[in-house]
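Shown next, in structure tokens, is the structure this report addresses.
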Amino acid sequence: MDALIFALDERLANPGDTWSVGGHLDETGYELGDHEFALPQGIDYDVVLTNAGEGILATGLVRAHVVGTCDRCLEDAEFDVAGEVDGYYLFEEPERLAEDEDEADYELVLPDRTIDLSGALLAALVMETPFVVLCREDCLGLCPVCGANLNEEDCGHVAQLEERRERERLESSPFAALAGLDFGEGDQEG
């Protein structure tokens, strides 16, 4: 993601001062693990910067329309993301971290008194990106035999596989031996 730099000026000179910033970024996409996501309409953001004394707190919302690849059928999957922006930018490096802080949850205000919000915006997008991306909730996926998109056609392979699995399940059941028993239904005297 391209940098989104804000210069800290007199609007944030004193603790408690706030500055509302919002806008649009023509960002084209982002990656998450092995997945690539396109942002055909870019990113919209509304953030409030607050001088918290020791640093600048950035809170707000980020919104985007996202296009990825369906994990089941490999077709395009589109969804909207709305995430909460939460960033903290310290004026100075702390002398020591608390014992429970393995990783820093902050960045530093740059020497030229600027902050880069792009990391906080990207983190908000990533946090709201679904772990499993689907083109639709009831996506049937691809046929494991021929690769046909089962949302578009029924190749018949899935029904055959299900019948075979059911037959194998019944044959491997501990009660399968009962199927061949003759209970003498025709030999009853009445």
Same cluster (ILVMFWY, side-chain, under 4.5 Å), [X] and [Y]:
{"X": "Leu32", "Y": "Leu125", "result": "yes"}
{"X": "Leu121", "Y": "Val21", "result": "yes"}
{"X": "Tyr88", "Y": "Ile5", "result": "no"}
{"X": "Val67", "Y": "Leu25", "result": "no"}

#### Entry: Polar contact flag, side-chain donor to acceptor under 3.5 angstrom, Tyr106-Glu93
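Indeed, the side chains of Tyr106 and Glu93 share at least one donor-acceptor pair under 3.5 Å.
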Minimum heavy-atom separation for [X] to [Y], with atom names?
{"X": "Leu8", "Y": "Leu12", "value": "CD2-CD1, 3.7 Å"}
{"X": "Gln41", "Y": "His24", "value": "O-CE1, 2.7 Å"}
{"X": "Ala58", "Y": "Tyr89", "value": "CB-CE1, 4.0 Å"}
{"X": "Asn151", "Y": "Cys139", "value": "ND2-SG, 3.3 Å"}
{"X": "Gly42", "Y": "Ala64", "value": "O-CB, 3.7 Å"}
{"X": "Cys73", "Y": "Cys70", "value": "N-SG, 3.6 Å"}

Close side-chain approach of [X] to [Y], heavy-atom, < 4.5 Å:
{"X": "Asp138", "Y": "Leu140", "value": "no"}
{"X": "Leu142", "Y": "Asn149", "value": "yes"}
{"X": "His65", "Y": "Phe79", "value": "no"}
{"X": "Arg113", "Y": "Phe91", "value": "yes"}
{"X": "Ile115", "Y": "Leu117", "value": "yes"}
{"X": "Ile56", "Y": "Asn51", "value": "yes"}
{"X": "Phe6", "Y": "Thr114", "value": "no"}
{"X": "Tyr45", "Y": "Leu61", "value": "no"}

### Query
Side chain of Asp71, backbone of Val133: donor and acceptor closer than 3.5 Å?
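Such a contact is found between Asp71 side chain and Val133 backbone.
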### Main-chain N/O of Leu4 paired with Asp116 side-chain donor or acceptor, under 3.5 Å
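It does hold such a pair.
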### Query
Are any of the side-chain nitrogens in Glu166 or Arg169 under 4.0 Å away from the carboxylate oxygens of its partner?
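Answer for the salt bridge query: yes.
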### Task
Would you mind checking if Arg63 and Asp46 are paired as a salt bridge, meaning a charged N to carboxylate O distance below 4.0 Å?
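Salt bridge flag = yes for Arg63 with Asp46.
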#### Entry: side-chain contact (heavy atoms from CB on, under 4.5 Å) partner of Glu128, the single match among Val81, Val66, Val62
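Looking at Val81, Val66, Val62, the match for Glu128 under the side-chain contact (heavy atoms from CB on, under 4.5 Å) is Val81.
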#### Entry: Crowding at CD, Glu92 (>12 non-hydrogen neighbours, <6.0 Å)
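Check fails, neighbour count at 12 or below.
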